[in-house]
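Just below is one structure, and these are the notes that go with it.
Here the structure is a predicted model, which means the values were calculated and not measured. Here is how names work: the chains are called A, B, and so on, in the same order as the sequence lines, proteins then strands, and each is numbered from 1.
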Amino acid sequence: MKSSPVLDAGPAASAGKGADSIQFSSAEHPQHSPNNVNLTEPLQQNNPRRSMKLLNRGVFLPLLAGVAFLLLWEYQVFHKIFDLKKYQLPLPSAIAEAMRDNFSLLISYTGYTLAEAVLGMLIGSACGFLIALAATAWPRWGGGSLTMVAALNAVPIVALAPIMNLWFGDGIGSRAAIVTATTMAAMAINAYKGMAAVDPLALDLMHSYAAGKPAVFRYLRIRSSLPYVFTALKINATASMIGAIVGEFFFSSRGLGYLLSNSIKVAKMPLGWSCIVLAAIAGVVFYLVVERLEKVFIRWHPSRRS
Amino acid sequence: MKQNNAFMRGRLLPLLVWIFGLLVIWETVSWWLLNVARTPLAQSKLPYVHEVASTLWKYSGTLLKEGGATFGNAGVGFLIGALAGVLLAVLMSLSRTIEQLAFPYAIASQMIPVLGLAPIIYGIVRDEQVSRIIISGYITFFPVALNMLRGLRSVDPSALELMHSYAAKPWAVYWKLRFPAALPGLFSGLKIAAPLAVTGAILVELMGAQHGIGVIMLRNLYYGPSHTYMFWSTVLVGALLGMASYWLMSLAERLAAPWQPEFRPKGGGQ
């Protein structure tokens, strides 16, 4: 029983408008990734002057809120509300000072953690993509591997960390392995979705050209999976930083996570917070790089045309 | 015959073969490491499956109790975080100003390694119960808010126009149109968050708590090779908790939003 795309297109096409619109919205999913949903849309719709105004509002308001938040923090309003002491929640100025004092150490540790995250994410995403390929090419047996990978994704990172440490020692390898395990599933599931969400008409056309499976993959499925792949990469960019840092909590002699858990243990809260700040900055940079790549690679996609 | 056919065609058989095959490979490699390669700490690295299973069975009472504690705490935090997330999403969809205020920070906070905050929050609160709930809630909050907002926004414009032409009140638009449309988004957020909430709860337990699966996990890891089966059992329980949370959300989604393409008998058109 080979599953035929023509048969599958049947019910959706005949079910009329309701089903169509649902399918449409699910196909729209990857383009509505949170980062570009509401910040760019109004800019494209309106004329230049109006969009300038919107841009100002869209930037200034959050900026103002952020500054207000920092000021409230600095002048200990939060400390009074939540009854906290300064050694529990250090002031932003103290965090900045700790960051200045340990600048070179923090930078080198950030690089180390980022290296683990990038390495693990590349391996994990590649594995995930291969799994998606297999699952699309041989739905009956490959589908099982997709389920297994989804199960692996539900395994808490903290449970994986000690095991990976036993397997790969306490070098960069064990954290890269943790990140690999945590990033594989998002890529596999997303890429599979993209490869399955091919326009049925295009599939019919390929069939009418008597195109084989490899050709369908090469010209149709891989291309149509690209937006989903980049969504997965963006998810993984964040997840991989988390994986690397949490991995370092346990067995490491370097890295932001190691420094973070250590400085909390010896009650150097400002240093701990500066680790978090740097981890966030590194994560954002990583994310922006992936997003930049996305813009370059899927320029042809409707969501990218202005 | 017909039943057999349905069984073969379904996803059950390939999945069972996968699981069985992996178990056999695991057991073989474990045997090989122990008896042929003679790797140091062979059983810690890859223990015999049957030994782990028997340990799991033997200590099932303790594991169930501690796992339940973890799951309960994660669940409380998860519910609080999800409610707060839904609330924020509705507020953001109601008011452009609130959205402009909150949305950039919601996105930015997604990029902060949230789980990295666990030791800090534990350091501030110094209470395992509360910090577990805070972490789980915090992790749940953002995926739910963002996905819910996307759902609330993804309403078919012509349906919205129809509602307007009926002079529908705002609450009617929300209740009848936007909330049902947001359910798939809400559940995709919940499905992302549920295993993470369990992870967060276990993470706090590892930092120094009295109860929970993470506590036994750490203890048995420190005892070394003699407790390796127990350690692996706790890892297994942690994995099962994560999967159970995901599975529960999928089940709830099936019950609450059964009209989605992936639940159709033919699937999403492969």
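- With a 4.5 Å cut-off on side-chain heavy atoms, B:Glu205 and A:Val158 do not count as touching.
- To the nearest 0.5 Å, atoms CZ (A:Phe249) and CG (B:Leu206) are separated by 10.5 Å.
- Without hydrogens or angle criteria, B:Tyr105 side chain to A:Gly66 main chain gives a donor-acceptor distance under 3.5 Å.
- Interface residue B:Ile120: backbone and side-chain heavy atoms are both found under 4.5 Å from chain A.
- Heavy atoms closer than 4.5 Å to chain B are found nowhere in A:Ser263, neither backbone nor side chain.
- Proximity to chain B is limited to the side chain of A:Leu260, based on heavy atoms less than 4.5 angstrom apart.
- Ranked by heavy-atom pairs shorter than 4.5 Å toward chain B, the options A:Gly257, A:Ala150, A:Ala161, A:Ala151 are led by A:Ala151.
- Looking at B:Trp232, the atoms closer than 4.5 Å to chain A (heavy atoms on both sides) all sit in the side chain, from C-beta outward.
- Distance check: B:Ile202 CD1 to A:Ile157 CD1 gives 10.5 Å after rounding to the nearest 0.5 Å.
- Comparing A:Ser261, A:Ala159, A:Gly243 by heavy-atom pairs within less than 4.5 Å of chain B, the highest count is held by A:Ala159.
- Looking at B:Met243, both its backbone and its side chain come within 4.5 Å of chain A, counting heavy atoms on both sides.
- Contact annotation for B:Val125: neither backbone nor side-chain heavy atoms come within less than 4.5 Å of a heavy atom of chain A.
- Heavy-atom pairs under 4.5 Å with chain A were tallied for B:Thr199, B:Val198, B:Ile213, B:Ile192; the largest tally goes to B:Thr199.
- A 4.5 Å side-chain heavy-atom check between B:Trp18 and A:Thr147 finds every atom pair outside the cut-off.
- If you measure heavy-atom distances from B:Leu101 to chain A, the contacts under 4.5 Å come from both the backbone and the side chain.
- Of the two parts of A:Phe286, neither the backbone nor the side chain holds a non-hydrogen atom closer than 4.5 Å to a non-hydrogen atom of chain B.
- Using a 4.5 Å cut-off between heavy atoms, A:Val284 touches chain B through backbone and side chain atoms alike.
- Residues B:Phe231 and A:Pro162 form a side-chain contact, since some pair of their non-hydrogen atoms from C-beta on lies under 4.5 Å apart.
- Within the 4.5 angstrom heavy-atom criterion, no atom of A:Met195 approaches chain B.
- Contact count against chain B (heavy-atom pairs under 4.5 Å) is highest for A:Ile163 among A:Ile281, A:Ile163, A:Ile264.
- The minimum heavy-atom distance between B:Gln100 and A:Pro62, with the atom names listed, is O-CG, 3.0 Å.
- The contact between B:Leu117 and chain A is made by backbone and side chain atoms together, counting heavy-atom distances below 4.5 Å.
- Between chain A and the options B:Pro119, B:Pro195, B:Ala118, the largest number of non-hydrogen pairs under 4.5 Å is found for B:Pro119.
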